[in-house]
Protein chains: 4
Amino acid sequence: MQERSRRTQAALIRATTELVAEAGYHGATTKAIAERAGVSEGTIYRHFPDKKALFAAAVMAGQRDVTEWMEQLPGRAGSAPVVELLAETLTQLSRLREAVLPLEEASPHVMRPVEDLSREELVDALRSTGGPPLLLADFLAAEQRLGRLRSDLDPARTAVMLLAAFLGVQTSPLAGSKGLDEDDVQLFAELFCAGLVTGRDPAASS
Amino acid sequence: MQERSRRTQAALIRATTELVAEAGYHGATTKAIAERAGVSEGTIYRHFPDKKALFAAAVMAGQRDVTEWMEQLPGRAGSAPVVELLAETLTQLSRLREAVLPLEEASPHVMRPVEDLSREELVDALRSTGGPPLLLADFLAAEQRLGRLRSDLDPARTAVMLLAAFLGVQTSPLAGSKGLDEDDVQLFAELFCAGLVTGRDPAASS
Amino acid sequence: MQERSRRTQAALIRATTELVAEAGYHGATTKAIAERAGVSEGTIYRHFPDKKALFAAAVMAGQRDVTEWMEQLPGRAGSAPVVELLAETLTQLSRLREAVLPLEEASPHVMRPVEDLSREELVDALRSTGGPPLLLADFLAAEQRLGRLRSDLDPARTAVMLLAAFLGVQTSPLAGSKGLDEDDVQLFAELFCAGLVTGRDPAASS
Amino acid sequence: MQERSRRTQAALIRATTELVAEAGYHGATTKAIAERAGVSEGTIYRHFPDKKALFAAAVMAGQRDVTEWMEQLPGRAGSAPVVELLAETLTQLSRLREAVLPLEEASPHVMRPVEDLSREELVDALRSTGGPPLLLADFLAAEQRLGRLRSDLDPARTAVMLLAAFLGVQTSPLAGSKGLDEDDVQLFAELFCAGLVTGRDPAASS
DNA sequence: CATGAATGAGGTTTCATTCAT
DNA sequence: TATGAATGAAACCTCATTCAT
């Protein structure tokens with residue numbers, strides 16, 4: 001039955017995401033994943049060709065959630081001070097991504113040997129059309145057209161840098177293990193955005 | 001021989017750092033490390049109680065190099081525009097840390113399950129007296145006293161955020177595998193520092 | 001439907017035979033067999049109690065084809081020089097058995113641990129009434145009565161030895177992977193039969 | 001210590017050979033081999049890169065024993081009736097090879113998927129200089145020069161065929177599981193050799 | 001001090017077989 | 001009856017760690 005199949009698959013992806021968040025990449029063994037998902041280890045391989053594919057699916061699923069939220073962002077350009085919009089976006093991101101982040105961050109240094117080829121594919125997918133970086137770039141470009149953002153910035157490059165910096169803050173061991181609170185996000189948005197806005201942004205005067 | 005002992009230890013640390021950078025955390029097995037260091041596997045355990053200790057030592061060693069460079073920073077407060085000083089600092093950091101970063105980044109998500117306790121210890125050590133975050137905080141405080149930096153910022157918190165954001169940019173899969181070039185560093189410094197400086201900083205007018 | 005049932009069964013047997021020939025014993029997994037036969041894995045167990053039974057059936061089916069051809073052999077005793085008749089027989093065998101041989105050869109060393117008991121049953125079946133060895137023995141006995149074959153040979157024992165030797169040549173890794181050509185069969189027949197015939201066989205003088 | 005290493009290696013090879021003979025290819029699991037050899041499973045991989053290499057080493061070791069015995073054969077050409085020499089050779093072979101044979105016979109159809117490339121290498125090695133087939137070919141050529149063997153036969157081809165046929169008889173499921181006794185070997189030698197010898201061989205008249 | 005063989009727990013993956021639909 | 005998802009034992013292999021030499 002396709003219904004049951006879909007449920008199992010979702011359970012596996014959820015178990016993977018949770019376990020990586022909780023116990024790190026090493027804790028996300030096939031055994032632990034199967035246990036958490038309430039299936040046997042063999043079942044994993046009925047739904048994914050190997051562990052690598054399961055991880056990729058988990059990353060993509062998380063990615064999808066984030067993307068869905070961000071799709072509204074470009075349309076909201078100009079509706080509030082830039083800093084405010086960015087702060088809201090980052091707050092949402094920090095909530096949505098909490099679970100997914102370890103997975104993605106783990107990929108470059110950790111998953112490399114497991115994945116070889118597929119690592120590039122995965123990153124490509126993350127960057128490809130419609131992903132958060134592009135959506136953020138769209139938003140920045142829209143604000144540029146409104147004259148509220150420095151016109152000498154490359155939206156794509158800036159978007160990537162902003163996201164990467166934020167993810168860095170969110171995951172850095174320097175930040176402690178507690179994660180970020182509202183204040184942290186607000187401070188980050190303020191600091192970083194001060195370099196982005198022009199005088200025409202109403203919040204720039206503060 | 002203490003001399004020989006020290007050389008072996010250094011070789012092990014160097015081998016560990018190189019291997020993590022080259023082959024990722026999974027490539028840094030005790031066997032590979034011993035081979036690269038030109039000793040036998042058993043020898044590792046003459047110098048470190050376990051692999052975890054070797055990794056911690058490797059992180060600390062890298063940390064030491066970075067710290068040595070940063071120790072001059074607080075004394076240079078006021079000697080040039082803040083943005084310029086920070087850009088120079090980040091450029092140095094991006095060079096010095098290239099090798100060590102994978103090690104540190106690997107630690108939170110990768111070493112956690114292996115180490116549990118030690119992770120906290122490690123992070124504590126990274127934040128403890130004399131480390132780059134504190135040195136950067138000292139520099140920021142000095143600039144605050146000179147009136148060139150917003151006085152409402154907590155230097156310690158800001159320093160951590162700045163470093164974490166920069167490390168995030170440096171290691172993010174979003175940035176591609178090529179790493180950062182001079183322009184990227186410059187852009188980052190500009191964007192981020194615009195939120196830090198006051199009108200009294202000579203570069204603030206640009 | 002008994003008709004449909006028979007077709008499925010035949011498809012399974014054919015798939016098994018083909019797969020063992022193509023991909024070796026390890027390639028003949030239940031999954032691969034079901035795929036090739038165009039049914040689901042579970043269906044196998046509607047038609048055969050287990051994999052072992054499927055293999056036995058496949059061996060028997062191949063055996064049946066060979067047997068059918070050999071049934072004419074005893075009746076042709078005396079109709080041509082012994083060497084010629086044997087060469088023709090072996091040529092036919094080498095063609096008919098090409099597909100089935102791997103199955104049979106695989107059985108003793110491969111299926112033994114899977115089957116234990118059944119291996120004996122299988123071999124018994126192979127030797128039982130009507131099988132090629134007995135038919136060849138009948139032919140040899142007939143030739144003995146015609147005086148064209150050494151009378152001191154035990155027909156049954158000789159038949160088994162002749163067939164076994166030929167199968168050995170046909171499957172030996174020493175012979176390379178290309179199999180036997182006509183010349184090889186001819187040479188084998190000549191060499192081996194020279195020890196069988198008496199002076200009264202017209203070909204014995206060559 | 002190299003001494004201990006060699007002993008372990010020998011024990012592993014012996015265990016592998018025995019287990020394949022006793023329990024078939026499927027019975028020769030890494031676990032069973034390690035148990036039989038009195039070491040842990042992990043130890044296997046300190047001495048051989050993988051199971052395939054262990055099997056190859058076991059085949060080669062058996063091959064070496066057989067080869068050692070056969071090296072004297074070419075020198076004995078002419079020292080006794082051809083049939084007698086061959087019978088003796090085959091008797092020795094049937095003893096020496098009893099253990100090794102399953103391994104070799106298993107290779108083409110069974111080990112293929114495990115070995116892929118290496119199967120060809122293995123067979124090449126079996127056929128390469130100095131192996132039993134070549135030694136037997138040397139012997140046949142020597143007998144040809146003595147005029148006791150048909151001069152129209154290709155020694156190499158005949159040697160391969162003779163060995164393959166004999167191995168076939170020795171391992172055929174048709175022959176039952178008891179193996180060959182002296183009488184069987186004698187009969188095989190007589191039958192097969194009758195086609196080889198000329199009138200000048202003293203045994204040809206019997 | 002150094003070696004390197006040995007360990008054994010644990011990892012990912014396969015596959016014959018069962019069972020709910 | 002046919003399906004195909006689920007099972008779980010067992011396969012091969014890795015690796016941090018110990019210990020006799």
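So you know, we letter chains A, B, ... as the sequences are listed, proteins then strands, and number each from 1. In this text, all values refer to a predicted model and were calculated from it rather than measured experimentally.
Listed nucleotides: E/dA6, E/dT17, E/dT12. Nearest to the side chain of A/T29: E/dT12. Across F/dC12, E/dT13, F/dT1, the shortest atom-to-atom separation from the side chain of D/K51 is found for F/dC12. For A/R46, the listed nucleotide lying nearest its side chain is F/dA5; candidates were F/dA5, F/dA11, E/dC1. Here the side chain of C/D50 is nearest to one of F/dA2, E/dT17, F/dA6, namely E/dT17.
Distances shown here put a side-chain N or O of B/T43 below 4.0 Å from the OP1 or OP2 atom of E/dT3. Residue A/T8 has no polar side-chain atom (N or O) positioned under 4.0 Å from OP1 or OP2 of F/dA5. Distances shorter than 4.0 Å separate some side-chain N or O of C/T30 from OP1 or OP2 on E/dA16. Remark: B/Y45 is in phosphate contact with F/dT17, judged by side-chain N or O atoms under 4.0 Å from OP1 or OP2. The shortest distance between the side-chain N/O atoms of B/H47 and the OP1/OP2 oxygens of E/dC1 is not below 4.0 Å.
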Exercise for review: Any chance you could encode DNA chain F as dot-bracket? Rule is Watson-Crick or G-U wobble with both distances under 3.5 Å; [ ] for pairs crossing earlier ones, | for another strand.
Suggested key: .||||||||||||||||||||
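The base of F/dA5 has none of its N or O atoms less than 3.5 Å from a complementary donor or acceptor on the side chain of A/R4.
Put simply, OG1 on B/T16 and CG on B/L54 are 3.5 Å apart, with the number rounded to the nearest 0.5 Å.
Take the nearest nucleotide of DNA chain E for D/V39 and for C/E41: the residue whose nucleotide is more 5' is D/V39.
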Practice item. List the steps and the verdict of side chain to side chain contact (heavy atoms under 4.5 Å, CB included) for A/S40 and A/T43. Key: CA-CA 5 Å; A/S40 80; A/T43 296; 3.3 Å; yes
